[in-house]
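Since the model is a prediction, treat every value here as computed from it, not as a measurement.
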Amino acid sequence: MTDATALPGQPRGQVLSGPATARAVNVLAPNASAMTLDGTNTWILAEPDSDLAVVVDPGPLDDAHLRNVVDTAERAGKRVALTLLTHGHPDHAEGAARFAELTRTNVRALDPALRLGDEGLAAGDVIGVGGLELRVVATPGHTADSLCFHLPADRAVLTGDTVLGRGTTVVAHPDGRLGDYLDSLRRLRSLTADDGVHTVLPGHGPVLEDAQGAVEYYLAHRAHRLAQVETAVEDGHRTPGEVVARVYADVDRSLWPAAELSVRAQLEYLREHGLIRPPE
């Protein structure tokens, strides 16, 4: 068995529903798959002495899961007062409208199409509910609307799909862009270096105890993959499918369609920076 402390980001171990930090409780959605890992992590956030809570990413449209989130908050003496979305992918956001019905809350998101209520979200926003403080960090790249939420009191950051608890994420081309994603990782690295963030509360997978190590691993991984894609093109592999077969040969074939999205983003990045020629 591999020592978790030797893995990128020092994952805490098995993904479980329950407390993760003093202010964050996970409710794991029952939607495990190759893409969602153990399932979507739905986060309930609250100050320990407050009766108000914020929920981040209600998850899929699964009524039993959504009611479980409400029940988990209520058992802890909390009332859900606000719902936030890290981005609009269905495994994070499909259940948001139904969850808003159950909790009578507004839904705030960067994408206006996902909002319920008058308020959206933007970089630099500070959200306060029952004494809890969350700071909105713009982290486009996985998708154009991806956000992270900095929880200063716990020295933690909720990363959605920008940083996962296990493996690496997809740059979902064409909505996601690699240049934006690399900038977002550097922004997260600044949080670890300048703001003392040490815990990652991801959208999928286990909690990470070494936020800086996780982000550094992601940056190194992206640089390595980008070099591999550039080499594959130089060797005559021109189409995204050909590049995937060359660069991701060691990856489960069921994940190749997702890998192709990242390859398309990488090819676009290389062309924009003049490192490969556009296709004839």
**OP:** Look only at the side chain of R23 and the backbone of A46, and say whether a donor-acceptor pair between them is shorter than 3.5 Å.
**Re:** no
Original post:
Residues two or more places apart in sequence or in another chain: which of them pass salt bridge (Lys or Arg N to Asp or Glu O under 4.0 Å) with R189?
Top reply: E216
**OP:** Using atom types as modelled and distance alone, determine if a side-chain donor or acceptor of K78 lies under 3.5 Å from a backbone N or O of E47.
**Re:** yes
Original post:
Mind checking whether V56 and L85 have side chains closer than 4.5 Å, heavy atoms only?
Top reply: no
Original post:
Between T83 and T105, is any side-chain donor less than 3.5 angstrom from a side-chain acceptor?
Top reply: yes
Subject >> With E74 via salt bridge (Lys or Arg N to Asp or Glu O under 4.0 Å) - residues at least two apart >> reply: none
Original post:
Which residues satisfy the side-chain contact (heavy atoms from CB on, under 4.5 Å) test with D210, sequence neighbours excluded?
Top reply: Q10, Q212
**OP:** State whether a side-chain donor-acceptor pair under 3.5 Å links H92 with D161.
**Re:** yes
Original post:
CD of E234: more than 12 outside heavy atoms within 6.0 angstrom?
Top reply: yes
Original post:
Can you list the residues that meet the ring-ring contact (aromatic ring centres under 6.0 Å, His included) rule with H273, with sequence neighbours excluded?
Top reply: Y269
**OP:** Under the side-chain contact (heavy atoms from CB on, under 4.5 Å) rule, collect the residues that match up with A20, sequence neighbours excluded.
**Re:** R12, W43, L201, V207
Subject >> Any side-chain heavy-atom pair of N41 and P202 under 4.5 Å >> reply: yes
Original post:
Do the non-hydrogen side-chain atoms of D71 and V69 ever get within less than 4.5 Å of each other?
Top reply: no
Show me the donor-acceptor pairs, under 3.5 Å and distance only, between side chains in residues 110-133 and residues at least two apart or in other chains.
from, atom 1, to, atom 2, distance (Å)
D111, OD1, A113, N, 2.9
R115, NE, A109, O, 2.8
R115, NH2, L110, O, 2.8
D125, OD2, A122, N, 2.9
E133, OE2, R135, NE, 2.7
E133, OE2, R135, NH2, 3.0

**OP:** Sequence neighbours left out, what passes side-chain contact (heavy atoms from CB on, under 4.5 Å) with P90? Give chain and number order.
**Re:** E94
**OP:** Report yes if the side chains of F149 and V136 come closer than 4.5 Å at any heavy-atom pair, otherwise no.
**Re:** yes
Subject >> Within the 6.0 Å centroid threshold, strictly below: H173 and H142 >> reply: no
Subject >> Transitive ILVMFWY cluster of L28, excluding itself - 4.5 Å side-chain cut-off >> reply: V15
Subject >> R67 charged N/C atom sitting above F99 aromatic ring, 6.0 Å / 45° >> reply: no
**OP:** Verify, without hydrogens or angle tests, whether R225 (side chain) and V247 (backbone) share a donor-acceptor contact under 3.5 angstrom.
**Re:** yes
Original post:
So do L178 and E268 actually touch side chain to side chain, heavy atoms under 4.5 Å?
Top reply: no
Original post:
Should L82 and V55 count as side-chain neighbours, where that means a heavy-atom distance under 4.5 Å?
Top reply: no
Original post:
Is a side-chain donor-acceptor pair under 3.5 Å present for H65 with T42?
Top reply: yes
Subject >> Under 3.5 Å donor-acceptor, T86 side chain and L147 backbone >> reply: no
Subject >> Beyond-backbone contact of S146 with Y181, side-chain heavy atoms, under 4.5 angstrom >> reply: no
Original post:
Can you list the residues that meet the ring-ring contact (aromatic ring centres under 6.0 Å, His included) rule with Y218, with sequence neighbours excluded?
Top reply: none
**OP:** Please check if any side-chain donor atom of N31 sits under 3.5 Å from a side-chain acceptor atom of D91, or the reverse.
**Re:** no
Subject >> Test side chain to side chain donor-acceptor pair (under 3.5 Å) applied to D183 - qualifying residues, sequence neighbours left out >> reply: R186
Original post:
What residues form a salt bridge (Lys or Arg N to Asp or Glu O under 4.0 Å) with R166, not counting sequence neighbours?
Top reply: D38
**OP:** Check whether any side-chain heavy atom of L267 sits under 4.5 Å from a side-chain heavy atom of I276, and report yes or no.
**Re:** yes
**OP:** Under the salt bridge (Lys or Arg N to Asp or Glu O under 4.0 Å) rule, collect the residues that match up with D195, sequence neighbours excluded.
**Re:** none
Original post:
Parallel under 30°, tilted from 30 to 60°, perpendicular over 60°: which one fits the rings of Y217 and H221?
Top reply: parallel
Subject >> Donor-acceptor pair between T159 and T162 side chains, under 3.5 angstrom >> reply: no
